[in-house]
Amino acid sequence: MKVYKFGGASVKSAEAFRNIAHIIKTHGGDKQLLIVVSAMGKTTNALEQILNMAFNEQRYEAEYQHCLSYHLQVSNELFPDKASLVHEQLEHLFAQLHQVLQHLPTGATYDKTYDQIVSFGELFSSTILHHFLKSQGLANSWIDSRKYIQTDNTWREGKVDWAWTERTIKRDLPALLNTQLVVTQGFLGGTNNGHTTTLGREGSDFSAAIFAYCLDASAMYIWKDVDGLLNADPKHFEDTVRYPEISYQETVEMAYYGASVIHPKTIKPLANKLIPLYVKSFVNPAAEGTKICDCRFEVIAPAYIIKENQCLISFSVKDFTFISEKNLGTIFNALSELRLKINMMQNSAISFSICTDYHQERLHRLMQTLHDQFIIHYNTSLYLYTVKNYDIISINKITTGKEILLEQRTRTTFQVVCK
Ligand code: ASP
Ligand code: MG
């Protein structure tokens, strides 16, 4: 039994859907395969924008229409038959979305509303994929992942109830997978009282890993627009190299430092059951790709990771006393309350600096909480560069010509925050 995950780029057009059917026919088979799909193209970003406009009581009709026509254009191309059920189902889903937008639940927080709206992207794409595979002779069941992956109500970052989720998946899915393919949504979970949650941006990889874990899959595949797991993002670096095989450990660390290739939570469930993860190209499915598994290598090419939109915050005490453990405790508590994650930190006698992703609103609340006790300075629009398994050449490559605000190195990892 295998799990395939197809990301946004692999369902961005009618052509892309045809390519998926081709990959399943040539590589996947007609059963014992569960397919997890992301929202089409940049739909999640578009829905975030629509939500923000609705939330701020701005007009969102044009953006909504744009999202609607994008989906209709693809589905009309894939299903010229006007009577196909897919048209009715899409129409129904868009009507539901419109309904939620027009009657935003009063008093609901932004994050909760986010999950109820942005989740539609995966409902649209999985509906289209289900019908399209069927039309290509690939019998499959569409299942609602919100009924299988149960989370708490940590909106936008639902924490999975593993016991419940595993029990439910094991109860229903193995029998179904014995006879046909199963298509479901990435990114989504559900609470025990029927609300939709999401698992964090790019969370579809994690969804696929949850299903793989609960089904004791023999392998999971992520189909991407790159040739496998590369040592750097080709958008930012030339001469990238592909890792043919790499350990779970290395991959987790790369994801942790911000390599966007795999969602950070994906590896743990797979490693716990020694399920290999293949990263393959949907453009070139015959190519080898990368196998992520329980292996070890002495020498490994340096990995370059860039995190953009970083914010460097420094806290100093007001009276020239030292930064104490007590002060640090206060700062950490505030960060954890606000779900501001530390990407890098450093302390000196009278100040403590952290680098985090920039969240305007959370930063503002952090300042409010702590300004009585600390002098706080911050810089935004920064980059955090990490080089894993660095050497002199790789450090020079990263630092030459840059203004460095903070630098740190361990035996294996080199990090700088720069402008
Ligand atoms: N569609 C969601 C996102 O773009 C989840 C995913 O693609 O993994 O973040
Ligand atoms: Mg994606």
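As a basis for the values below, the full set of heavy atoms in this structure was taken, side chains included, without hydrogen atoms, waters or symmetry mates. Remember, it's 1-based here, ligands and their atoms both numbered in the order they're listed.
- With ligand atoms numbered from 1 in the order given, ligand 1 contributes 3 (C), 4 (O), 9 (O) to contacts under 4.0 Å with heavy atoms of R201.
- Salt bridge present: E403 and K419 bring a charged side-chain N and a carboxylate O closer than 4.0 Å.
- The shortest heavy-atom distance from G203 to ligand 1 is under 4.0 Å.
- Taking every non-hydrogen atom of E202 and a distance limit under 4.0 Å, the qualifying atoms of ligand 1 come out as 3 (C), 4 (O), 5 (C), 6 (C), 8 (O), 9 (O).
- Heavy-atom contacts of S204 reach the following atoms of ligand 1: 5 (C), 6 (C), 7 (O), 8 (O) (cutoff under 4.0 Å).
- With a 4.0 Å cut-off on non-hydrogen atoms, E122 touches ligand 1 through its side chain and not its backbone.
- Annotation: W155 is not in aromatic contact with Y114 [ring centroid separation under 6.0 Å not met].
- In this structure, K397 forms a cation-pi arrangement with Y304, its terminal cationic atom sitting closer than 6.0 Å to the ring centre and no more than 45° off the ring axis.
- Considering each of S125, S38, S207, the one bringing a non-hydrogen atom nearest atom 7 (O) of ligand 1 is S38.
- Once rounded to the nearest 0.5 Å, the distance linking OG of S353 with CE of M345 reads 11.5 Å.
- Scanning for salt bridge (charged side-chain N to carboxylate O under 4.0 Å, His left out) contacts around K170 gives E166, D216, with sequence neighbours left out.
- Less than 4.0 angstrom separates some heavy atom of T44 from each of these atoms of ligand 1: 1 (N), 2 (C), 3 (C), 4 (O).
- Under the 30°/60° scheme for interplanar angles, the aromatic rings of F94 and F124 are found to lie parallel.
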